[in-house]
Amino acid sequence: MSSIKPSIDRSVGRSRQMSKSAKAKAFLRSKESQEVEHYKQAMMIRGKWSSQIIQNVLKDFYILKKPNAVQYNKKNDIYPMESAESIEFLGEKSVSGLFAFGSHSYKRPHNLVIGRLFDDSVFDMYEFSVLNYKGMEQFQGATTSRLGNKPCFIFNGAEFENDPITKRIGNTFLDFFRGHVVEYINLAGLDHVIILTAVNGRILFRHYSVLFKRSGTKVPRVELEEMGPSFDLELRRSKIPSEDVEKQALKIHRSVQPKVVKNVDSNDLGEKHGRIHLGKQDYNTLAFKKTKALSKRKQSNHHSTASHSSNDI
Amino acid sequence: MSTTTTSSTTAPEGVINASDILAQNKFSSHLVEKEDSLLYDLGNLCAFDFSSLNKAEYNENPEEYINKISRDNVQLLITRMFQLDSKVVESGALALLPKPLTPIPRMKPIPEAKQQTRWEAFAAIKDIKKRKKDSKVWDETHKEWRHSWGYKRANDEGENFAMYANPNNPEQDPFQKLIDDKKERVDKNKRLEQRNLDESHKRSSSMVGSNNGLDFSKENRGQIKNDVRNTLNVAKVSTASMGKFDKVLEGDKKLPTRGVKRLAGLGDNNIQGESENSLKMVKRILNKEEGILNVDKATNQFITNENKENMKKKFKDGGRPIKKSKK
């Protein structure tokens, strides 16, 4: 037995990639997982064959998502729904968590795939056909929002609550366009809104700029001006995550989890209830129902009590 | 409006007027016609309208209908945003956003907690805080502030053209010694860093055979020894005959046995003992009712016992009980 000895492998703990320059180190650090993620970068990928409409959609998405976006504008021979390997490679390369892929074929005209990556593999993706497209260029003259301003979102339609796939699609669009997660927001910067409407089996994507008008109160009156892009989506195929992967992906780091307040809860009426721990009860001071057996015997007839007590119960 | 003002002046102080509350709550009533039935996730600047979409109206004139409900919904959302707590800055008002409610999947899994290095662990125990050194230090010889390390650093001994020899070892080259010492320090640092890296790599498997990283620290030695022994024992008897016909090697006393799982007292020809055991068990199950605690009986027993104890105390000396003096 003594002949078998664990040989110490010097490379055991060397899990960290070694890099020489500060720039390379910073790049590697950007690829490491973060406790709290503040934004996701998106890739706009053009397929091997694509229509003008699809290319415009990707361009508009790129403009909406800038500066957290990269474009892969060459003809990429990728079919995400069949094999997502290339997408995962590009995602790892560009440190992106979101992708939009556009292609066009006889079988699937004006095909748009929107998806997300988790741990450098595809988390979920949805394939749509794009209909009734109107680009940003067609709304020229409209007030445009500033680059990098967070958009507002409105989700119209019961499907965003009831239909599980539509609910996921809504979540994906929110994830795609919401930008940085921030604590404060400048109210004057709320200048564009993305409105998704689920109706008649389609999802309508509309993008408006928000204009504030005087209303006489602190809250301004809102006017909307469409600035595009505007298109309808019809779901073709979808890939949803497995349960355990989803559970893994939805975890929140301990440092940002709200602190659990123990022993305090509220009921349906909003009343606050507290629970108090009294410790162990002292049975010697317990107030019994008065019985003859428990009352103290008189001192004078102690002899008789002694004779009465017996053990055979 | 005039009615509310008059009523509020006539009403005694401390009485709240219902009309005043209504006026406050209908913050945006003149801005929106519809009722507020939306769900909000203000952390994501997001509102969900699950109920108010009318398909018949939509089919009549889709674009116009969507424009109309969109404006109302955006107005409701913006109203909510303007009601948030805010602080005023030069460029406008900053609204404090609540935490986002919609669960959004992460891009990468949560990072594993980093292992402390030996120094960090020690510093935590001793409550040693990290202090930041000044990057520039006063140099006495040059009379100027210089970097504390690196090229042209302050108080650099190697820069001197002459140095005192070591009186105990005059043969030694003091310049070479500086270089050697430095190299030794660097090597030591590298060694310790490697040790920290090795130790931080947690062992994830209990068996030695698997190729995962192992923790070779002192505390783990017993565990590793056990693992090696178990792995070896399994390997020894992993032949076609499960070790039955294998030769015992020199130095080994006997081949390791695989643990045999069986119930004690069963199947070892002791029929009488077996039946006795079974009967005992049956009895215990069937007579379970008797075992339940009789509260009255127990209470009485307790009281009599207590009386007895009291009597014993009183008659400790064998004489009469001591009477308490009345005051």
Out of [options], which one racks up the most heavy-atom pairs below 4.5 Å with chain B?
options: Leu196(A), Ile154(A), Asp124(A), Val36(A); answer: Ile154(A)
options: Thr172(A), Val199(A), Asn162(A), Leu117(A); answer: Val199(A)
options: Leu190(A), Leu98(A), Val210(A), Ile194(A); answer: Leu190(A)
options: Gly179(A), Ala158(A), Ser230(A); answer: Ala158(A)

Decide yes or no for [X] and [Y]: does some side-chain heavy atom of the first lie under 4.5 Å from some side-chain heavy atom of the second?
X: Asn67(B); Y: Tyr208(A); answer: yes
X: Val181(A); Y: Pro100(B); answer: yes
X: Leu174(A); Y: Asn44(B); answer: yes
X: Ile104(B); Y: Glu37(A); answer: no
X: Asp120(A); Y: Lys108(B); answer: yes
X: Asn171(A); Y: Pro105(B); answer: yes
X: Leu84(B); Y: Ile185(A); answer: no
X: Val95(A); Y: Met107(B); answer: yes

Under 3.5 Å donor-acceptor, [X] side chain and [Y] backbone:
X: Lys218(A); Y: Phe82(B); value: yes
X: Glu32(A); Y: Pro111(B); value: no
X: Arg71(B); Y: Val222(A); value: yes

Chain B heavy atoms under 4.5 Å from [X]: which part of the residue, side chain, backbone, both or neither?
X: Phe118(A); result: both
X: Ser96(A); result: backbone
X: Glu159(A); result: side chain

Would you mind checking which part of [X] comes under 4.5 Å of any heavy atom in chain A, side chain (CB onward), backbone (N, CA, C, O), both or neither?
X: Leu53(B); result: side chain
X: Leu38(B); result: neither
X: Leu77(B); result: side chain

Looking only at non-hydrogen atoms, find the nearest pair between Val256(A) and Lys99(B) and report the distance.
O-NZ, 4.2 Å
Between Pro151(A) and Leu45(B), which heavy-atom pair has the shortest distance, and what is it?
O-CD1, 3.6 Å
Just do the side chain to side chain contact (heavy atoms under 4.5 Å, CB included) check on Leu224(A) and Ser70(B) with the steps written out, would you?
CA-CA 8 Å; Leu224(A) 298 184; Ser70(B) 299; 3.8 Å; yes
Electrostatic pair Lys87(B)-Glu183(A), nearest N-O below 4.0 angstrom:
no
Under 4.0 Å between a side-chain nitrogen and a carboxylate oxygen: does that hold for Glu35(A) and Arg106(B)?
no
Going through the checks in order, is the side chain to side chain contact (heavy atoms under 4.5 Å, CB included) test met by Ile110(B) and Arg254(A)?
CA-CA 10 Å; Ile110(B) 288 181; Arg254(A) 200 189 296 158; over 6 Å; no
[atom2] on [Y] to [atom1] on [X], rounded to 0.5 Å:
X: Cys152(A); Y: Met81(B); atom1: SG; atom2: CE; answer: 6.5 Å
X: Leu39(B); Y: Phe160(A); atom1: CG; atom2: CZ; answer: 13.5 Å
X: Ser51(B); Y: Asn156(A); atom1: OG; atom2: CG; answer: 10.0 Å

Regarding Asn200(A) and Tyr58(B), is there a side-chain donor-to-acceptor distance under 3.5 Å anywhere?
no
Is it true that, when you exclude [X] itself, more than 12 heavy atoms of the residues, nucleotides or ligands shown sit nearer than 6.0 Å to its [atom1]?
X: Lys93(A); atom1: NZ; value: no
X: Glu35(B); atom1: CD; value: no
X: Lys239(A); atom1: NZ; value: yes
X: Glu64(B); atom1: CD; value: no

Would you sort out whether Ile195(A) and Ile69(B) count as a side chain to side chain contact (heavy atoms under 4.5 Å, CB included), showing the intermediate values?
CA-CA 10 Å; Ile195(A) 290 168; Ile69(B) 63 163; over 6 Å; no
